[in-house]
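For reference, the structure discussed in these notes is given below.
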Amino acid sequence: MTEEEEYKKSQNEVESCMRGSGKSREMDGGGVKSNSVLGSGWNGLALGIVSTLWPDEGVEQWNAVGKESSLHLFNSLIFAYASSRQPHLSFLLFATQTSLLPPNRLTFQFLLKASSKSKSLLQASQIHCISTKLGFGSHVFVQNGLLHCYIMCGLFKDARRVFDVMPERDVASFNCMIHGYAESGDMDSASGVFRSAPSPNVVTWTAMVAGYARRGDVHIARRFFEEMPHRDVVSWNAMMSAYVQNRRPVVALGLFRRMQLENLAPSSTSTTIVGLLLACTGARALDQGKWVHAYLNKKRIRLNSYLGSALIDMYCKCGAAELGFQVFAGLVEKNLGVWNAMINGLAINGYSERALELFDEMRMGATVLPDEVTFVGVFLACSHAGFVEEGRRHFHCTVKECGVRLVLEHYSCMVDLLARCGFLKEAEDIVRCMPIRPDDVVWRALLGGCMVHKDVELAERVVLEIDARCSGDYVLLSNLYASVERWNEVERVRRFMKDKRIEKTPGCSSVEIESDSRVHLKR
DNA sequence: TTAGGGTTAG
């Protein structure tokens, strides 16, 4: 049976189970009966697993939970795995547990959590089937778990079908559904579910705020935020993030000040600080970013990967790559986001060699595998420094070796590198043979090379390929004609722009926002 | 111990 057939079969089974499950037979607590089956060998195994999960406090935690009840212990472990980076290990543990101890409702809840985290609908369907057979399937928490898994897998229509036939719904079921619609950008449906929710809570309202923000409707998001009967730290974080996402970083900073005034800032989580750092980055507010960093140090807040990469990115985008590197060097937890922030940060600041060295270091370490974003940094570094050979090697070989798919951004960097270094033919060949349709950024990268090397004929062809031609493209072409003293063509382009009323976009620059609007963090 | 907010490119 293929995986798809297997999936369909279990989906049918789930649906027939759901239709026929009727009233749930609660068995919570009953499972502990088999305690005696669990010998010391199992306790040893459990201890080993706990120690791996929590190397420092493992024994202590095990002592705290392990001796009460074996089922409780196994459930705790399943939950710990479900919340960890290896959620699939929950299923392995369940396979060993189920032969010794009858699972209870919590076991299934945690397994469904693991299915959601590993986005495994097949597992979720199977788990739901077993739970239904044991009489837990129609419990609202279990059903919510299944619903959540459908949402996490992006199957919104299927989620709706589950939602519609649920024998009982609570506020979390509505919240799940709203979040799902919001994720898919369907705020009309989300708002329909929101209106039908009998008792929306702070989670419901926050899901609406985040949903509108994600779609770019920051004003509607703000209206929901202001109308909320009660706000908690997550709602504030969602609203701050809404402004950051919609390129209004200064408003986000202002919101944090209001949060402080309402005395909510002391309970701010690392997510609040990440939001604050993102706002500083967006506003290019280096001084305020430094304040946030100092605050983190003062409060001895450990830098997790989110905080670390946000800090690195803030320093690099504000032109202080050295400070970014200091943060990077001091980080204990370096995940892909952290490496990418540093490699890209060095590349955009012109530290090409250092960026490429770091990329080699990352590959040598082999704990984190590069992805598309990493290669954007790599090509950017090659392009800024004019490292043609190295760029070619990475473009044609390393990307494949790492199992990474080439995306538009990679092509634009590579075309930029080749074209600027005078390999115009090779650059054009790449554009013409790309397996994905080149966008205007790619064509403009080629146009830039034509400018440097005064290739008028190619530039004329390239300009015609640009979909959304703007004044800059015509100005570039006219300057190119001027540089080879073809004054008639210069005049022709200028007249064309005038007739079509194509105006030059005025240049602009930005400065750091004034100190009186600075965020002052409470000590 | 079901549900909402966070990092890296463009």
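Chain letters run A, B, ... following the sequence lines, proteins first and then strands; every chain starts at 1.
Spacing between atom OH of A:Tyr212 and atom C1' of B:dG4 amounts to 16 Å, rounded to whole angstrom units. Atom pair A:Asn304:CG and B:dG6:P shows a separation of 14 Å (rounding to whole Å applied). Atom CG in A:Leu278 sits roughly 7 Å away from atom C1' in B:dG6 (whole-Å rounding). Rounding to whole angstrom units, CZ of residue A:Phe328 and P of B:dT8 are separated by 16 Å. Straight-line distance from the CE atom of A:Met240 to the C1' atom of B:dG6: 10 Å, rounded to whole Å.
The aromatic rings of A:Phe108 and A:Phe136 are tilted relative to each other, their planes meeting at an angle between 30° and 60°. The aromatic rings of A:Phe141 and A:His139 stand perpendicular to each other, their planes meeting at an angle above 60°, with 30° marking the opposite boundary.
Ring stacking is absent between A:Tyr306 and B:dT7, as the pair misses the limits of under 5.5 Å between centres and under 30 degrees between planes.
In this structure, NZ in A:Lys113 is found 10.0 Å from OG in A:Ser90, a value given to the nearest 0.5 Å.
Side-chain N/O atoms of A:Asn335 and base N/O atoms of B:dT8 include no donor-acceptor pair closer than 3.5 Å.
When heavy atoms are screened at a 4.0 angstrom cut-off, A:Val171 is found touching base atoms of the nucleic acid. Here A:Ser241 lies in heavy-atom contact (under 4.0 Å) with sugar-phosphate atoms only. Across all strands, A:Thr374 comes closer than 4.0 Å to no nucleic acid atom at all (heavy-atom distances). Within the nucleic acid shown, A:Glu333 has no heavy atom closer than 4.0 Å to any nucleic acid atom. Counting any heavy atom pair closer than 4.0 Å across all strands shown, A:Thr204 reaches no nucleic acid atom. In this structure, A:Phe79 reaches the sugar-phosphate backbone alone: every heavy-atom distance under 4.0 Å involves primed, P, OP1 or OP2 atoms, never a base. Using a 4.0 Å heavy-atom distance criterion, A:Arg214 is classed as a sugar-phosphate-only contact.
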Worksheet item: For A:Phe359 and A:Phe375, what are the C-alpha separation, side-chain angles and deciding distance, and is it a ring pair (Phe, Tyr, Trp, His ring centres under 6.0 Å)?
Response: CA-CA 9 Å; A:Phe359 173 64; A:Phe375 278 100; 5.4 Å; yes

Item to complete: Apply the test side chain to side chain contact (heavy atoms under 4.5 Å, CB included) to residues A:Ser115 and A:Met152: give CA-CA distance (whole Å), side-chain angles for both, the deciding distance (0.1 Å), then the verdict.
Response: CA-CA 9 Å; A:Ser115 312; A:Met152 292 300 282; over 6 Å; no

Practice prompt. Verify ring pair (Phe, Tyr, Trp, His ring centres under 6.0 Å) between A:Trp339 and A:Phe328, making sure each step is shown before the conclusion.
Written response: CA-CA 8 Å; A:Trp339 284 94; A:Phe328 176 81; 5.1 Å; yes

Practice prompt. Let me see the working for A:Phe194 and A:Trp205 under ring pair (Phe, Tyr, Trp, His ring centres under 6.0 Å), right down to the final yes or no.
Written response: CA-CA 8 Å; A:Phe194 177 78; A:Trp205 283 89; 5.1 Å; yes

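A:Gln326 is linked by a side chain to side chain donor-acceptor pair (under 3.5 Å) to nothing, counting only residues two or more places apart in sequence or in another chain.
Atom CZ of A:Arg258 is surrounded by more than 12 heavy atoms from other residues, nucleotides or ligands within 6.0 Å. More than 12 heavy atoms of other residues, nucleotides or ligands shown are found within 6.0 angstrom of CD on A:Glu333.
Contacts of residues 435-448 of chain A with DNA chain B (heavy atom under 4.0 Å): none. Of the residues in residues 342-373 of chain A, those lying under 4.0 Å from DNA chain B by heavy-atom distance are A:Asn344, A:Val373. Sorted by residue number, the members of residues 189-202 of chain A with any non-hydrogen atom under 4.0 Å from DNA chain B read A:Asn201, A:Val202. Residues from residues 310-318 of chain A that place a heavy atom under 4.0 Å from any atom of DNA chain B, listed by number: A:Asp313, A:Lys317. Heavy-atom distances under 4.0 Å link DNA chain B to A:Glu409 of residues 404-420 of chain A, given in residue order.
A pairwise comparison of heavy atoms in A:Asn344 and A:Val373 identifies ND2-O, 3.3 Å as the closest pair. Residues A:Ser120 and A:Cys153 approach most closely at N-SG, 4.2 Å, considering heavy atoms. Closest of all the heavy-atom pairs between A:Val202 and A:His230 is CG2-O, 3.5 Å.
Distances shorter than 4.0 Å separate none of the side-chain N or O atoms of A:His179 from OP1 or OP2 on B:dT2.
Look at A:Glu226 and A:Arg223 and you find no salt bridge, because none of the NZ, NE, NH1 or NH2 atoms lies under 4.0 Å from a carboxylate O. Taking 4.0 Å as the cut-off between side-chain N and carboxylate O, A:Arg161 and A:Asp158 count as a salt-bridged pair.
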